[in-house]
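Counting convention: from 1, in listed order, for ligands and their atoms alike. For reference, positions follow the sequence shown, starting with 1.
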Amino acid sequence: MDDLKSKYLDLIGSAADEATLEDLRVQAVGKKGEISLKMRELGKMTPEERQVAGPALNALKDEINAALSAKKAGLADAALDERLKSEWLDVTLPGRDRRQGTIHPVSQVWEECTAIFADMGFATAEGPQIESDWYNFDALNIPGHHPARAEMDTFYTHRAAGDDRPPHVLRTHTSPVQIRSMEEQGAPIRIICPGRVYRADYDQTHTPMFHQVEGLAIDKDISMANLKWTLEEFFTAYFGTKVKTRFRASHFPFTEPSAEVDIQCDFSGGTVKVGEGDDWLEVLGSGMVHPKVLQAGGIDPDEWQGFAFGMGIDRIAMLKYGIPDLRAFFESDLRWLKHYGFSALQVPTVHGGS
Ligand code: 2U9
């Protein structure tokens, strides 16, 4: 019995893992283990022998079970110590830098425009980017022979073979949204329409997709004076400095009379400073909505009149944030934006004022 005890206690003591311990448990105290076999022999003993051997075998079994449990706990502790040595974490280390995203300047300016015009009572309207010929051209009094309608200038979609309906166009301005709004809500109306527009044009100063914000105000007695006030208020709020405007007579099919609008600026120092100096920079087109266009939108031109204007968001974003190159937008590359000092978290630097 003593041999058995020292044999198993030694083996348990030197077991290197749980699997070895389990083998030892089966060998020693399992159903067919050595101690169980010895217990079966108790029946063959005399009562005197059994009285001595029985308790001794039970004590041995308890001792081996206790040694197995203690060793198992020891192995688990050792394994945990090993893990703690290899898997430790220095919670005092500084965190890893995450690349920070920023709002795109075009999106930021889009939001700035909607906020400034909202303060002046203009709601925002949006519409489809793929338009019918009617909404993009005819309703806007753009005649069939107008160069804008040529395939060279406008992207057309293809109809299926045998489908003779006129093709759709990628809208060339957001003006169709105004026609749709006029049809839907009638007059009076005060809306701005920001959105993506498409023209088949790509060179150093043009991209095939760009962003516009157009405005429309229709009421009983809206005039060019209201247009000038609205635009000066807008530019003053947008550039954060008083900005004068200059109107030059122009021609657009959808407005009569029409005017191109320049803003006051100073070119002398190498950068454009808006709201200073004696120079002028063209930034938008505008005019009084043509009676035929009002009619196309379902509004009676004998009763209502109004102004409309259109400008490029990309262009006014470049002016405000001093971005000299269209590629800054086109590549949507943070390196460009950082290079030109733009960050959504920064208060924008106004290129104008003092
Ligand atoms: C309706 C009636 C009239 C919108 C107008 C312009 C003049 C204009 C250009 C400026 C730079 C487009 O982004 S740009 O290339 N826009 O010159 N847009 S008046 O006139 C409208 C619009 C809708 C119903």
Side-chain angles (χ1 to χ4, degrees), residues 106 109-110 113 117 122 124-127 131 134-142 146-148 153-154 170-203 205-219 222 224 226-228 230-231 234-235 245 247-263 281-301 304-319 326 329:
V106 168
V109 170
W110 178 317
C113 289
F117 280 110
F122 286 78
T124 298
E126 292 188 56
E131 266 296 0
W134 163 259
Y135 280 110
N136 195 74
F137 295 125
D138 301 279
L140 287 146
N141 193 35
I142 300 172
H146 195 280
D153 288 332
T154 299
L170 293 192
R171 68 180 182 196
T172 58
H173 42 194
T174 59
S175 315
V177 182
Q178 279 103 300
I179 300 287
R180 288 176 181 278
S181 302
M182 284 156 74
E183 281 179 343
E184 277 163 28
Q185 67 182 79
I189 193 168
R190 271 177 185 67
I191 50 168
I192 58 153
C193 305
R196 295 195 171 89
V197 301
Y198 303 85
R199 294 187 191 172
D201 213 350
Y202 182 46
D203 61 29
T205 53
H206 297 89
T207 53
M209 187 280 289
F210 62 103
H211 304 80
Q212 273 191 341
V213 58
E214 290 195 346
L216 177 72
I218 294 171
D219 214 318
I222 296 256
M224 293 285 275
N226 301 126
L227 171 64
K228 188 163 167 83
T230 304
L231 293 177
F234 167 72
F235 284 119
T245 62
F247 280 48
R248 282 179 293 104
S250 186
H251 171 79
F252 305 111
F254 25 86
T255 47
E256 182 59 37
S258 304
E260 274 166 330
V261 180
D262 302 338
I263 51 173
L281 185 68
E282 185 192 324
V283 282
L284 61 80
S286 65
M288 297 301 288
V289 181
H290 196 291
K292 282 189 182 171
V293 175
L294 288 173
Q295 222 150 21
I299 290 178
D300 181 359
W304 305 94
Q305 61 187 39
F307 67 67
F309 61 84
M311 66 184 143
I313 295 181
D314 313 65
R315 184 152 159 64
I316 63 165
M318 289 167 83
L319 270 178
L326 270 176
F329 299 139

Peer 1: Name the option, out of Ser181, Ala308, Pro253, Gly215, that contains the heavy atom nearest to atom 3 (C) of ligand 1.
Peer 2: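 The nearest heavy atom belongs to Ala308.
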Peer 1: Under 4.0 Å from a heavy atom of Phe210: which atoms of ligand 1 are those, numbered in the order shown and with their elements?
Peer 2: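 What qualifies from ligand 1 is 13 (O).
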Peer 1: Which atoms of ligand 1 sit under 4.0 Å from any heavy atom of Gly312?
Peer 2: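 The list of qualifying atoms is 13 (O).
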Peer 1: Can you tell me how the ring of Phe254 sits relative to the ring of His173, calling it parallel under 30°, perpendicular over 60° and tilted otherwise?
Peer 2: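 Plane angle over 60°, so perpendicular.
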Peer 1: Looking only at protein heavy atoms, which one is nearest to atom 9 (C) of ligand 1, and how far off is it?
Peer 2: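 Protein heavy atom at minimum distance: Gly310 O, 3.9 Å.
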Peer 1: Hey, which atoms in ligand 1 end up nearer than 4.0 Å to a heavy atom of Phe309?
Peer 2: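 So the atoms of ligand 1 that pass are 4 (C), 5 (C), 18 (N).
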Peer 1: Considering only protein heavy atoms, which is closest to atom 7 (C) of ligand 1, and at what distance to one decimal place?
Peer 2: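 Here the nearest protein heavy atom works out to Gly285 C, 3.1 Å.
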Peer 1: At a 4.0 Å cut-off, with the gap strictly under it, does some heavy atom of Thr174 reach an atom of ligand 1?
Peer 2: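 The answer is no: ligand 1 sits nowhere under 4.0 Å from a heavy atom of Thr174.
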Peer 1: Is it the side chain (CB and beyond), the backbone, both or neither of Glu260 that lies under 4.0 Å from ligand 1, heavy atoms counted?
Peer 2: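 It is neither part, as no heavy atom is under 4.0 Å.
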Peer 1: Any idea which heavy atoms bring Asn141 and Pro253 closest together, and the distance?
Peer 2: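 In this case the closest contact between Asn141 and Pro253 is ND2-O, 2.9 Å.
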Peer 1: Measuring from atom OG of Ser286 to atom NZ of Lys228, what distance do you get when rounded to the nearest 0.5 angstrom?
Peer 2: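 It is 10.0 Å, given to the nearest 0.5 Å.
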Peer 1: Given the ring of Tyr135, does Arg180 sit roughly above its face, with NZ or CZ under 6.0 Å from the centre of the six-membered ring and within 45° of the axis?
Peer 2: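 Yes, cation above the ring, under 6.0 Å and within 45°.
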Peer 1: With heavy-atom distances below 4.0 Å as the criterion, list the atoms of ligand 1 near Val293.
Peer 2: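 Answer, ordered by atom number: 2 (C), 24 (C).
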Peer 1: Tell me the protein heavy atom at minimum distance from atom 23 (C) of ligand 1, and give that distance in Å.
Peer 2: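 Residue, atom and distance for the closest contact: Gln178 NE2, 3.4 Å.
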Peer 1: Would you name the heavy atoms of Ile218 and Ala187 that are closest together and state the gap between them?
Peer 2: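 Between these two residues, the closest heavy atoms are CG2-CB, 4.0 Å.
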Peer 1: Tell me if the centroids of the rings in Phe247 and Phe307 come within less than 6.0 Å of each other.
Peer 2: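 No, the ring centres sit 6.0 Å or more apart.
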Peer 1: Identify the protein heavy atom lying closest to atom 12 (C) of ligand 1, giving its residue, its atom name and the separation to 0.1 Å.
Peer 2: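 Looking only at protein heavy atoms, the one closest to atom 12 (C) of ligand 1 is Gln212 NE2, 2.9 Å.
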Peer 1: Between His211 and Asp314, what is the shortest heavy-atom contact and its length?
Peer 2: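 The pair with the smallest heavy-atom distance is N-OD1, 2.8 Å.
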Peer 1: Can you tell me the protein heavy atom closest to atom 5 (C) of ligand 1 and the distance?
Peer 2: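 Closest protein heavy atom to atom 5 (C) of ligand 1: Phe254 CE1, 3.6 Å.
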Peer 1: Closest heavy-atom contact between Cys113 and Val213?
Peer 2: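 Looking at all heavy atoms of both residues, the closest pair is SG-CG1, 4.2 Å.
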Peer 1: As an exercise, identify every atom of ligand 1 less than 4.0 angstrom from a heavy atom of Arg199.
Peer 2: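 Counting atoms of ligand 1 from 1, those under 4.0 Å from Arg199 are 15 (O).
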Peer 1: Evaluate the side-chain proximity of Phe235 to Thr245: yes if any heavy-atom separation is below 4.5 Å, no if none is.
Peer 2: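 In short, these two side chains touch, coming nearer than 4.5 Å.
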Peer 1: Answer with side chain, backbone, both or neither: which part of Leu140 has a heavy atom less than 4.0 angstrom from an atom of ligand 1?
Peer 2: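 For Leu140, only side-chain atoms sit under 4.0 Å from ligand 1.
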Peer 1: Heavy-atom distance under 4.5 Å between the side chains of His146 and Asp153, does that happen here?
Peer 2: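 His146 does not reach Asp153 side chain to side chain.
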Peer 1: Just jot down the ligand 1 atoms closer than 4.0 angstrom to any heavy atom of Ser286, in number order.
Peer 2: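 Contacts of ligand 1 toward Ser286, numbered from 1: 7 (C), 19 (S).
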